[in-house]
There are 2 protein chains.
Amino acid sequence: MEELDVFDLRLLAAIQAKGDMTQAELSEKVHLSPTQCARRLQRLRADGYVRDIVAILDPERLGINIIAHTLVGLRNHDDETGRAFRAFIDDADEVVECWSQTGDADYLLKIMVKDLGELASLIERLITAVGGFASLRSFVALKAIKRTTTVPIRA
Amino acid sequence: MEELDVFDLRLLAAIQAKGDMTQAELSEKVHLSPTQCARRLQRLRADGYVRDIVAILDPERLGINIIAHTLVGLRNHDDETGRAFRAFIDDADEVVECWSQTGDADYLLKIMVKDLGELASLIERLITAVGGFASLRSFVALKAIKRTTTVPIRA
DNA sequence: CCGTTCGCGCATGTTTCTTGCGAAAGGTTT
DNA sequence: AAACCTTTCGCAAGAAACATGCGCGAACGG
């Protein structure tokens, strides 16, 4: 649990870019013996530097054509509303990230869906879930929904 | 390059959650022989379903205490300004995501830094980079910078 | 100056992965 | 319906990658 030296940082950078390299490959990248790469990586994991190793899937290939970032402001900030909102977020697979934020909005959502129809449907369900009526839209439960469709420039 | 069946979807879901399982472990999860798991995974990769496998590091552990989402609006939309902006983004390690978006802002940046000082420094550099003067702030080169510090609720 | 400790690389036993092969299942043609 | 072709499957053996014990050398402290 000490300080990280150059090799550790190189290792972390390497696996952050490509997490399925063999010890031999890592060895070349960080200029350390394969054995030592494995041992250090093992230690870095044990010390909690590596949260986990995951596969990044291709959204397009899976029919995900829209990635939207949506700002959500709740009208009421009571416990019930908050809980309903969190519950909805946890349940909705389309919401891949949820950030609580300071500023004019309360939350920033990252949403991945197939098409605009799915996106609209999700928003309707969100409004209903936090206690509003979809027909009255944001005026009841949500102070504001600022929806923007985004396109990745840099991952 | 055909349709994905249940096993394929299960495999993708599995490696998306944990990308370093052995064939035997995968085998249990998807109810398919280890060999077949490997073969199908190989095919899914060849067909481009898996973009890559990466390690997710612990931001806190590495001294990253602030994750900010920042909306950036450029004053001028000419080629030069756009190029300068892109170049800056590519160069800045603190900017981990950059989304082009439709709406009132042009870009949404996801920024990871150690502290508020680093964040301020980054913004200053950004303003300078796109042709403005830091002292005049956003009035010269940037139409608007809406900065918000965010806290993760759901990853 | 010597002893301890720590990190290093080598070598070996073990696990895991890859690939060739025959069997079974599903679809198509006659 | 039978014969055929194609695809997918699991097994097994060879190949590759991984984990671990060991001795060596450097750094540090007494």
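First the proteins, then the strands, lettered A, B, ... as listed; each starts at 1.
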Would you classify A:Thr22 as touching base, sugar-phosphate or nothing, given that sugar-phosphate means primed atoms plus P, OP1 and OP2, and contacts are heavy atoms under 4.0 Å? sugar-phosphate

May I ask you to say what A:Gln23 touches in the nucleic acid, namely base, sugar-phosphate or nothing, with a heavy-atom cut-off under 4.0 Å? sugar-phosphate

Which nucleotide, D:dG10, D:dA17, C:dG7, lies nearest any side-chain atom of B:Gln36? D:dG10

Mind calculating the distance between [atom1] ([X]) and [atom2] ([N]) to the nearest angstrom?
X	N	atom1	atom2	result
B:Arg43	C:dT19	CZ	P	17 Å
A:Glu28	C:dG9	CD	C1'	17 Å
B:Leu41	C:dT16	CG	C1'	15 Å
B:His31	D:dT8	NE2	P	21 Å
B:Asp5	D:dC9	CG	C1'	13 Å
B:Leu26	C:dC17	CG	P	9 Å
A:Met21	C:dC17	CE	P	18 Å
A:Arg40	D:dC18	CZ	C1'	19 Å

Any side-chain to backbone donor/acceptor pair from A:Asp47 onto A:Tyr49? Under 3.5 Å, distance only. no

Indicate yes or no for a side-chain donor-acceptor contact from B:Asp58 to the backbone of A:Arg51 under 3.5 Å, with no hydrogens or angles considered. no

If hydrophobic clusters are built from ILVMFWY residues whose side chains come within less than 4.5 Å, do A:Leu9 and B:Val54 share one? no

To the nearest 0.5 angstrom, please state how far the CD atom of B:Glu94 sits from the CD1 atom of B:Ile67. 13.5 Å

Between D:dG10 and B:Arg39, counting only base atoms on the nucleotide and side-chain atoms on the residue, is there a donor-acceptor pair under 3.5 Å? yes

